[in-house]
Amino acid sequence: MLTKPADVVDRDREWNLLTEFVTDPDPAMRLGIVSGRRRYGKSYLLQALSERIGGLYITAVREEGRLPAIQRFSDAIAVHAGLRPGTLRLADWREVLANALDVAVRSKTPLLVIDELPYLLQHSSEIPGVLQQLYDERQRGTGAGPGPRMILCGSAMSVMHELLSGTKPLRGRAVVDLRLGAFDYRAARKFWQIDDPLTALQVHAVLGGAPGYRSVAARPHPNDGFAAWLSRTLLDPGRAVYSRTETEYLLREDPRITHHTLYYDILTAIAQGATTPTKIGAALERRRNAVTHPLDVLESTGYIQREQDILRPRRPVITLADPVIRFNQLVALPQAATVEQGFAEQAWQAAAPTFNSKILGPHFEDLARTFTRRYAHTLLPDGLPGPVGTTEVADPAARTKHEVDVIALALGERPQAPRARIALIGEAKATAARRGTGDLRRLEHIRGLLTDQGYDTTGATLALFSLHGFHPDLVESAADRDDLLLVDLAALYGLE
């Protein structure tokens, strides 16, 4: 394996996958796809990989037309071959890509990276077909060394995912389809060098784990105070990371998003609590089928998600998945007039209750589920759990339903399977109050209801996640039982 550069933070799994791909000695050509949302660090990772092995890295430009793009790519190929820019005069994309592969294969570890491919496809839709021909021609692997390794990368998620779908020319030809995600919340805190876990949680609630935001939002530093940092970054119209500006950039990444007003209205409806296509359509005074396609687009780009009930088949709940968009729709957009008049601090004070209830609270619940998936196995008696999510548990005697913030099935169990074994039942609250024995009794009651409904809860751990800790009597109770897990902010971030 190639040693990962010190400036590439986290990404160990991704780096190992890519280095295994580029160092494969097979003489045939190999193709890889890398996609991910804007600011997730795709280009940074691929540039580091290319520099590490002397590969040819070329990025497309949104505003560039077909002929200028062909010439700029030709110049990059010439420079990589040791020639002066302008030496090569290539007529079309077949000549460009064939020469690029021929030049790349001269290296000991041949690599060609084309970044932001969707920008090229806007004016040169023939490129995937050309790549198919070149790929098929280079499968015999007649050279003495490894064949060329090509990586195609882009931020327009729908475009990148469709490259390998259906009857598309490149279907079945890629050996890597890496969808780069954001940093894990623990890695994000370390990357930002945030001392206080509550501040780290707040920053993650508005920016997520996208590493690209640190370079544009690190001054002032969050350690100086979350409110001061927020007022001078996401709520500063003069900053590139101003949430309204950033949301516009994100929506423009996908070429299918053309009617921005409709998409904005859909995102706002979801942010305000509309959780199904019917409810979203009603909020916009449109028919359900009028929002079906836009919802599919937003889901494919990763801006919304559909959460399935872990225990029972029912309609999935639609929520906003991107923290920046969620913050924009719930805080920046309603306070836009005040913010753009220069009163960011006052706008934040007015929006703080909304932030705490509709952003920080749901985000804390989401991180509780992430903790259960990634870290709870070291604390659970049976180790790694299976599927993790949410559910509603009916309480016939009380004529009500209990929402369960975190529920994990045992490893090997399938969601919505009858009589499934349950590994964990949890509640996550971001309120200012500490959690006490009343919260524990509620979880015990829910466990009893699930047992009565036929689920196997004999090995289920009860978990309480709290933003501000626990009452002493609950802590004492946890010390005497092996089925109770208490997770405060320090435990959530692995600081204890």
Side-chain angles (χ1 to χ4, degrees), residues 8-12 37 39-41 181-236 239 241 243 246 320-328 330-332 348 351-352 354-376 378-379 405-406 426 428-435 463-470 485-496:
V8 177
V9 178
D10 200 43
R11 304 302 191 200
D12 292 338
R37 211 211 72 181
R39 300 194 190 274
Y40 274 13
F183 280 172
D184 166 79
Y185 70 94
R186 289 186 177 182
R189 185 192 73 84
K190 293 178 181 178
F191 181 65
W192 278 81
Q193 299 178 337
I194 299 174
D195 300 326
D196 174 39
L198 177 57
T199 304
L201 172 67
Q202 291 169 324
V203 172
H204 197 268
V206 298
L207 288 182
Y213 285 122
R214 193 182 72 170
S215 61
V216 293
R219 294 292 180 275
H221 196 275
N223 284 340
D224 299 331
F226 177 71
W229 170 81
L230 188 71
S231 298
R232 295 176 59 188
T233 53
L234 273 76
L235 291 179
D236 185 346
R239 294 288 192 113
V241 75
S243 73
E246 181 64 13
L320 295 183
D322 190 283
V324 174
I325 292 179
R326 180 175 58 186
F327 179 82
N328 184 69
L330 287 172
V331 174
W348 168 239
T354 297
F355 172 80
N356 289 329
S357 63
K358 294 189 177 181
I359 295 179
L360 191 64
H363 196 72
F364 182 64
E365 294 175 11
D366 190 53
L367 291 196
R369 291 186 285 272
T370 301
F371 172 89
T372 303
R373 292 186 188 99
R374 297 188 180 181
Y375 303 112
T378 61
L379 304 170
D405 301 326
V406 187
K429 297 302 177 187
T431 57
R434 290 184 293 173
R435 314 319 303 171
L464 285 169
F465 298 82
S466 175
L467 204 60
H468 297 287
F470 308 93
L485 177 63
L486 303 182
V487 183
D488 58 12
L489 269 178
L492 188 75
Y493 275 93
L495 301 177
E496 60 176 34

Rounded at 0.5 Å granularity, tell me how far [atom1] in [X] sits from [atom2] in [Y].
X      : Y      : atom1 : atom2 : answer
Phe327 : Thr354 : CZ    : OG1   : 10.5 Å
Leu230 : Asp236 : CG    : CG    : 10.5 Å
Leu367 : Tyr375 : CG    : OH    : 10.0 Å
Tyr493 : Lys190 : OH    : NZ    : 12.0 Å

Can you name the residues that form a side-chain hydrogen bond (donor to acceptor under 3.5 Å, both in side chains) with [X], not counting sequence neighbours?
X      : answer
Asp195 : Asn223
Arg435 : Thr431, Asp439
Arg374 : Asp184
Ser243 : Asn328

Got a donor-acceptor contact below 3.5 angstrom from the Ser215 side chain to the Gly212 backbone?
yes

Strictly distance-based, threshold 3.5 Å: is any side-chain N or O of Arg232 a donor or acceptor partner for the main-chain N or O of Arg219?
no

Ring pair (Phe, Tyr, Trp, His ring centres under 6.0 Å) against [X], all qualifying residues, sequence neighbours excluded:
X      : result
Tyr213 : none
Phe191 : Phe183
Phe470 : none

For [X], enumerate each residue passing the salt bridge (charged side-chain N to carboxylate O under 4.0 Å, His left out) test, keeping only those at least two apart in sequence or located in another chain.
X      : result
Arg39  : Glu246
Asp10  : none
Arg189 : none
Asp366 : Arg369

Ignoring hydrogens and angles, write down the donor-acceptor pairs under 3.5 Å from the side chains of residues 197-208, residues two or more places apart or on other chains.
| from | atom 1 | to | atom 2 | distance (Å) |
| --- | --- | --- | --- | --- |
| Thr199 | OG1 | Asp196 | OD2 | 3.0 |
| His204 | ND1 | His363 | NE2 | 2.7 |

[X] versus [Y], closest heavy-atom pair with distance:
X      : Y      : value
Pro362 : Arg326 : CB-NH1, 4.5 Å
Gly361 : Ala430 : CA-CB, 3.8 Å
Ala218 : Trp192 : CA-CZ3, 4.2 Å
Ala182 : Tyr40  : N-CE2, 3.6 Å
Ala210 : Arg37  : CB-NH2, 4.1 Å
His468 : Ala432 : CD2-CA, 3.4 Å

Quick check: do [X] and [Y] have side-chain heavy atoms less than 4.5 Å from each other?
X      : Y      : answer
Phe364 : Asp405 : no
Ile194 : His221 : yes
Phe465 : Leu485 : no

Step by step, would you call Leu467 with Leu360 a side-chain contact (heavy atoms from CB on, under 4.5 Å)?
CA-CA 10 Å; Leu467 204 60; Leu360 191 64; 4.2 Å; yes

